[in-house]
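In this text the structure is predicted, and so the values were computed from the model without any measurement. Start at 1 with the first residue, then count along the sequence. Every number for a ligand or one of its atoms is a count from 1 in the order of the listing.
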Amino acid sequence: MSDPRFALLDEIHDLVLVLDPDRTVVFVNRGAAVRLGAMHLGRPFIHVIRNPQCLDLLEQVERGAASAADTITLRTPTPGTFRIRVSRSDAGNDTRETPFIVVAMLDISEQIAAEQMRSDFVANVSHELRSPLTALSGFIETLQGPAKDDADASDRFLTLMQAETGRMTRLIADLLNLSKVEGRQAARPTDEIELQRILARACTLVQQRADDADKVIRFDIPSELPSIRGDEDELVQLVQNLLENAVKYSAPGTAIDVSVTPDTRTPGISGPTLTVAVRDHGEGIAREHLPRLTERFYRVDDHRGRKSGGTGLGLAIVKHVVQRHRGRLHIESEVGKGSIFKVHLPIEG
Ligand SMILES: Nc1ncnc2c1ncn2[C@@H]1O[C@H](COP(=O)(O)OP(=O)(O)O)[C@@H](O)[C@H]1O
Ligand SMILES: [Mg+2]
């Protein structure tokens, strides 16, 4: 394996195999040995990677092409999607010797998954914008036609139209908020933050909704709290989203409990933390949904989620704000009993 002629190939990221003119594997670099297994030296290449596209590339090169490339998906010997390039080691020279063949493979599975996510995201956004737009055009048609001279109906339709434009406005605001925190992900926030102030600001923003739904927000916050390093607007958004959800997904007359507790040890965070917990006594969330809640546009009950005016982006924003603050989010929930969303924030940013 450690053929000195090819030693440098051990250092590169691609999986590299060198074949002699009989297609026997004569070298496997370190990356390829790790991903494909180390026992391939001396074996025919077609036993290592059994893939018709790959054979095709090999034949092209054997017929004289300097190199040939393609994208292949493998299940064995290692799962993944690879950009594979087969080339002759004499390409560019005019030596008479039969050339070695170099097979270089780069795992692009993550890139493919990221592209898929991006295109799903665009499809989702278009879908979310289209439904209120369709509703709006319907209302406009009605106002121009059947309801033209009906003042009561006009009032009703205008109210509905206002709700739909509100939905679009919220969606766009949340998309912008999400893209802002995502864009700032690499830079840790540095402002000195008083959590009491954050909670008070967030609470003011949801108070009206809570009152309308006959819910009380109760606080349990120590009078003395250390300040933390953070971004005030992002943290307000985080708490606001958790409080809005707690209001939305619980029955009228129930309470929402907000607490802050200092912790000395939190798994995954070095140093002391402050934990902000928002607990509701609402409908709860079934276990199978928990891992997906912070995905963009993921809703437990799609139809009702939209009707309640949510954008489906709230918890995605929460997740990104937590990540930017190098914190941790924990969700515990029991169907019929309620949920608790805990955000652990490191004190030293
Ligand atoms: N406190 C909660 N109780 C029950 N379900 C919740 C709670 N918070 C969030 N969810 C579920 O998680 C989904 C995603 O939340 P979120 O990202 O804030 O979007 P939405 O705009 O729908 O509120 C919601 O649609 C809801 O199904
Ligand atoms: Mg929400």
Asker: What are the atoms of ligand 1, with element, lying closer than 4.0 Å to any heavy atom of R299?
Answerer: 22 (O), 25 (O)
Asker: Counting heavy atoms only, which of F341, F297, Y249 is nearest atom 4 (C) of ligand 1?
Answerer: Y249
Asker: Quick test of your reading of the model: are R35 and D14 salt-bridged, counting only N-O distances below 4.0 Å?
Answerer: no
Asker: Please report which non-hydrogen protein atom sits nearest to atom 27 (O) of ligand 1, along with the residue it belongs to and the distance in Å to one decimal place.
Answerer: V300 N, 3.1 Å
Asker: Does the N or O separation between A316 and ligand 1 drop below 3.5 Å for any pair?
Answerer: no
Asker: Does E128 come within less than 4.0 Å of R299, counting only side-chain N to carboxylate O?
Answerer: yes
Asker: Which of the atoms of ligand 1 are close to S339, meaning less than 4.0 Å from one of its heavy atoms?
Answerer: 3 (N)
Asker: Should the proximity of D280 to ligand 1, defined as any heavy atom under 4.0 Å, be assigned to the side chain, the backbone, both, or neither?
Answerer: side chain
Asker: State whether the side chain of D107 and the backbone N or O of S109 hold a donor-acceptor pair below 3.5 Å, judged by distance alone.
Answerer: yes
Asker: At their closest point, which heavy atom of F100 faces which heavy atom of D20, and how far apart are they?
Answerer: CD2-CA, 3.7 Å
Asker: Are E62 and R88 close enough for a salt bridge, meaning some N to O gap below 4.0 Å?
Answerer: no
Asker: With the threshold set at 4.0 Å, does a side-chain nitrogen-carboxylate oxygen contact exist between K342 and E332?
Answerer: yes
Asker: Tell me the contacting part of Y298 for ligand 1: side chain, backbone, both, or neither, using a 4.0 Å heavy-atom threshold, strictly below.
Answerer: backbone
Asker: Taking K337 first and then E334, would you say they form a salt bridge - that is, a charged N and a carboxylate O separated by under 4.0 Å?
Answerer: yes
Asker: Would you say H325's side chain and D231's backbone share a donor-acceptor pair under 3.5 angstrom?
Answerer: yes
Asker: Using the six-membered ring wherever Trp is involved, compare the ring planes of H330 and H344 and label them parallel, tilted or perpendicular (cut-offs 30° and 60°).
Answerer: perpendicular
Asker: Students should be able to answer this: which protein heavy-atom is nearest to atom 12 (O) of ligand 1, and at what distance?
Answerer: L293 CD2, 3.4 Å
Asker: Under a 4.0 angstrom heavy-atom cut-off, which atoms of ligand 1 come close to G310?
Answerer: 21 (O)
Asker: Where on K248 is there a heavy atom closer than 4.0 Å to ligand 1, on the side chain, on the backbone, on both, or on neither?
Answerer: side chain
Asker: Have a look at V247, N245, I331 and point out the one with the heavy atom closest to atom 18 (O) of ligand 1.
Answerer: N245
Asker: Considering only protein heavy atoms, which is closest to atom 5 (N) of ligand 1, and at what distance to one decimal place?
Answerer: I285 CG1, 3.3 Å
Asker: Is T311 close enough that one of its N/O/S atoms sits under 2.8 Å from the Mg ion (ligand 2)?
Answerer: no
Asker: Can you name the nearest heavy-atom pair linking Q162 to T165, along with the distance?
Answerer: O-OG1, 2.9 Å
Asker: Pull out every atom of ligand 1 sitting under 4.0 Å from any heavy atom of T311, numbered as shown with elements.
Answerer: 21 (O)
Asker: With backbone taken as N, CA, C and O and side chain as the heavy atoms from C-beta onward, which portion of L315 lies under 4.0 Å from ligand 1: side chain, backbone, both, or neither?
Answerer: both
Asker: Are any of the N/O atoms in G312 less than 3.5 Å from those in ligand 1?
Answerer: yes
